[in-house]
*Asks:* 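Dumping the structure here so I can ask a few things about it.
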Protein chains: 2
Amino acid sequence: MTTSKTPSERRTHLVRLAGDLFAEQGFRATTVRQIADAAGILSGSLYHHFDSKESIGDEILSAFLEDVLAGYRAAVAESDDPRAAIERIVRSSTATLDRHRAALTMLQRDWNYFSGQPRFAYLRTAMKEIEQTWIDLLERGRETGVFRADLDARLTYRLLRDILWLPTSWASSKSWTTDQIVDGLLRLLFDGIKSA
Amino acid sequence: MTTSKTPSERRTHLVRLAGDLFAEQGFRATTVRQIADAAGILSGSLYHHFDSKESIGDEILSAFLEDVLAGYRAAVAESDDPRAAIERIVRSSTATLDRHRAALTMLQRDWNYFSGQPRFAYLRTAMKEIEQTWIDLLERGRETGVFRADLDARLTYRLLRDILWLPTSWASSKSWTTDQIVDGLLRLLFDGIKSA
DNA sequence: GGGCGCCGACCGAACGCTTGCTTGGTACAC
DNA sequence: GTGTACCAAGCAAGCGTTCGGTCGGCGCCC
C-alpha cells in the first residue's frame, strides 16, 4: 500500500500525472493547480521539481519525438521496399502513439503555442524529418511502380500523417483494440494506394 | 473606402472577424480583446452587440451545424444508392466546411469546453444525427454488396468523419485547391471501401 | 547513542498579469 | 430627446510563478 519513495523518481510520477491531464484537455487548458491536485500537493510545490509548466511539456514532447523518430529510422533502415517500410511505420507509430497520448494531444491542440517558441524549435525539425521520410517513401514507391503514378506525394503524406494520428485521440473508448484500428487503417490505406 | 454602415449588419461583421480568430487559434485561446482589436474598438464595446463571448461562439456553431445537417439530409434524400449518397456527402461537406472553418476548429480544439455546457447540448444532438447517417449508409451499402462484407461500420465512420474534417484545418495553405483535396480523398476512400 | 546540522519535500500566502465582463458616461444620429 | 455605438475605467476571478517558512528523516560527530 505504501507508495515508492524513490528520490527523483517522484518527478517522473508527476510528469505522468500531468501527461494524463494534458492528454484529456491539452496543455494550455490544463492548469498547474489541476496537476498539483492530482498529485495531492499545492500548486506552488510543483516548482520544487520543475522550473516551469513548460518544462513539463518539454519533457513529454521531446521524449515522444525521440521515440517516434527512432521508429521511423528503424523502419526505413530495416525494410527493403517502400511498401514494407510504410507498413512498418504505421505499425510502430501506432504503438508509439499509444504510449505518448499526451504528446499527441499537445501537438494537435497546442501546436500554435509551442511551435512559436524558440525553446520548442526541435518540434519543427522533427516534423520535417517525418515529412521527408514519408515523401521519400511515397515517391520511391511511385517510381518503382508499387504505387499509383498519379499519386501526389505531398498531399498523400499530409492525409496519411494526420489520419495516423487520429485514433489516438479517441481516448480509451475501449470500442476497438489498437490492432483492430491499425488493421482497418492499413486496409483503407494500401487498397487505395497500390497500383494494381 | 468607407465601410457599410448597415444597422445590425455590423454585428454580422463582428461575428466574422471573431470567426477568423477562432479558426486560427480556437475559441478559448482567443480573447475578447483580440476580437475587439480586429474590429478597431475596445473590448468592452463588444458587449453592446453580444451579451457574452459564448454567444458569438454559439452563433458560429449553430449556423454551421444547420448548414452541414441540411447537406447530409439532402444527400440522403436525393441519392439512390449508398455509394452515391456518400460521395454527395463528401462533396457537400467539403464545401460546407470551407465556409465554416471557424466552427470546425472550435469543435476540434474546444469540444470538451462546449460539449459540457447545457447551452451547447445541440452539439451532441447534431453529432449523433451525423453518426447515424453515416452508419446507416455504410451498413446499407454492406448489405447490398457495394461495400466489403467485413466492414466495421462504426470504426469506418469514425475514421471517415475525422478524415473529412482534417484538410479544413490545413489553413489556407494554398498548396492544394479544395477540388484536389476532395478528389484525393474520394480516391483514397472508395478504392478502399468497395468490394470489387 | 544522543544531539546537531542539513536537505529534500512541501505548505501558506502572496505576487503580477490576463481573463471575461460591468458600469457610467459621451458624441452623434434622427 | 430618445437610441445607437462607442470609450474610459475598473471589477473579480483565475492564471503561472515566487518566496519565506515548516517538518521529518538521514548522516555525522563526540
Side-chain angles (χ1 to χ4, degrees), chain A residues 2-19 21-22 24-61 102 106 109-110 112-114 116-120, chain B residues 2-19 21-22 24-61 102 106 109-110 112-114 116-120:
Chain A
T2 56
T3 56
S4 65
K5 29 187 102 173
T6 352
S8 77
E9 223 179 25
R10 184 140 193 104
R11 178 194 169 99
T12 311
H13 181 231
L14 288 173
V15 172
R16 190 159 42 223
L17 286 179
L21 289 165
F22 294 159
E24 280 176 37
Q25 310 178 335
F27 181 81
R28 299 191 64 179
T30 301
T31 72
V32 294
R33 274 170 251 262
Q34 285 178 304
I35 301 172
D37 280 357
I41 60 177
L42 287 191
S43 69
S45 308
L46 272 181
Y47 290 80
H48 177 68
H49 306 275
F50 310 94
D51 61 336
S52 71
K53 181 189 176 189
E54 277 175 17
S55 293
I56 308 179
D58 199 343
E59 231 156 286
I60 292 176
L61 286 176
M106 291 161 71
R109 305 247 280 255
D110 307 297
N112 286 351
Y113 176 75
F114 289 119
Q117 300 179 237
R119 170 173 196 173
F120 293 96
Chain B
T2 57
T3 57
S4 65
K5 29 187 103 170
T6 350
S8 79
E9 223 180 23
R10 183 140 193 106
R11 177 192 170 101
T12 311
H13 182 231
L14 288 173
V15 173
R16 188 158 45 221
L17 287 179
L21 289 166
F22 294 158
E24 280 176 37
Q25 311 177 334
F27 180 81
R28 298 191 65 178
T30 301
T31 71
V32 293
R33 273 170 250 263
Q34 285 179 304
I35 301 173
D37 279 357
I41 62 178
L42 289 190
S43 72
S45 307
L46 272 181
Y47 289 81
H48 176 70
H49 305 275
F50 309 96
D51 61 336
S52 72
K53 183 190 175 188
E54 275 176 18
S55 293
I56 308 180
D58 199 343
E59 231 157 286
I60 292 177
L61 286 176
M106 292 161 69
R109 305 248 279 256
D110 306 296
N112 286 351
Y113 175 76
F114 289 119
Q117 302 179 237
R119 171 174 194 171
F120 293 96

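Quick note on labels: first sequence line is chain A, next is B, and so on, each numbered from 1.
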*Asks:* Using whole Å, report how far OH of A/Tyr113 lies from P of C/dT18.
*Replies:*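 After rounding, the gap between these two atoms is 13 Å.
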
*Asks:* For the residue pair A/Tyr113 and A/Met106, establish whether any side-chain heavy-atom pair is separated by less than 4.5 Å.
*Replies:*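 No, side chains not in contact.
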
*Asks:* Sub-3.5 Å donor-acceptor pair from the side chain of B/Arg109 to the main-chain atoms of B/Gln25, do we have one?
*Replies:*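 Yes, the answer is positive, given that a donor and an acceptor are paired below the 3.5 Å cut-off.
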
*Asks:* Can you measure from CZ (A/Phe50) to CD (A/Glu54) and round to the nearest 0.5 angstrom?
*Replies:*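 Here the rounded value is 14.0 Å.
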
*Asks:* Taking CG from B/Leu14 and C1' from D/dC6, how many angstroms apart are they, rounded to a whole number?
*Replies:*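 One finds 12 Å between C1' of D/dC6 and CG of B/Leu14, rounded.
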
*Asks:* Is any N or O donor-acceptor pair between the side chain of A/Arg33 and the base of D/dG14 shorter than 3.5 Å?
*Replies:*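 Between D/dG14 and A/Arg33, which were checked side chain against base, a qualifying N/O pair under 3.5 Å is absent.
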
*Asks:* Looking only at heavy atoms, what is the nearest atom pair of B/Gln34 and B/Ala29, with distance?
*Replies:*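 Of all heavy-atom pairs spanning B/Gln34 and B/Ala29, the closest is OE1-O, 3.8 Å.
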
*Asks:* Let me know the distance between NZ of A/Lys53 and C1' of D/dT18, rounded to the nearest Å.
*Replies:*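 That distance rounds to 17 Å.
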
*Asks:* Using a strict heavy-atom distance below 4.0 Å, which residues from residues 36-45 of chain A are in contact with DNA chain C?
*Replies:*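 The answer is A/Gly40, A/Ile41, A/Leu42, A/Ser45.
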
*Asks:* With the side chain counted from C-beta on, respond yes when B/Ile35 and B/Leu14 share a heavy-atom pair under 4.5 Å apart, and no when they do not.
*Replies:*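 Not in contact.
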
*Asks:* Looking at B/Asp110 and B/Gly26, would you say the former's side chain and the latter's main chain have a donor-acceptor pair under 3.5 Å?
*Replies:*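 No; zero donor-acceptor contacts below 3.5 Å.
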
*Asks:* If we check side-chain contact (heavy atoms from CB on, under 4.5 Å) with B/Phe22, which of these qualifies: B/Leu17, B/Thr30, B/Leu61?
*Replies:*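 Of B/Leu17, B/Thr30, B/Leu61, side-chain contact (heavy atoms from CB on, under 4.5 Å) with B/Phe22 is met by B/Thr30 alone.
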
*Asks:* Under 4.0 Å between any heavy atoms, over every strand shown, what does B/Thr30 touch: base, sugar-phosphate, or nothing? Just pick one.
*Replies:*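 If one applies the 4.0 Å heavy-atom cut-off, B/Thr30 turns out to touch the sugar-phosphate alone, with no base involved.
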
*Asks:* At under 4.0 Å, does any side-chain N or O of A/His48 touch on OP1 or OP2 of C/dC10?
*Replies:*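 No, A/His48 has no side-chain N/O under 4.0 Å of OP1/OP2 on C/dC10.
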
*Asks:* For C/dG8, does either OP1 or OP2 sit under 4.0 Å from a side-chain N or O belonging to A/His49?
*Replies:*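 No, no such contact exists.
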
*Asks:* Nearest whole Å is fine: how far is C/dT23 C1' from B/Asp51 CG?
*Replies:*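 Roughly 16 Å, once rounded to whole Å.
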
*Asks:* Please determine if a side-chain N or O atom of A/Arg10 lies less than 4.0 Å away from the OP1 or OP2 oxygen of C/dC10.
*Replies:*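 Affirmative; the distance criterion is met.
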
*Asks:* Think A/Tyr47 has a side-chain N or O under 4.0 angstrom from the OP1 or OP2 of D/dT18?
*Replies:*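 For D/dT18, neither OP1 nor OP2 has a side-chain N or O of A/Tyr47 closer than 4.0 Å.
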
*Asks:* Taking only side-chain N and O atoms of A/Arg28, does any of them lie within less than 4.0 angstrom of OP1 or OP2 on D/dC15?
*Replies:*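 Looking at the OP1 and OP2 atoms of D/dC15, neither is under 4.0 Å from any side-chain N or O of A/Arg28.
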
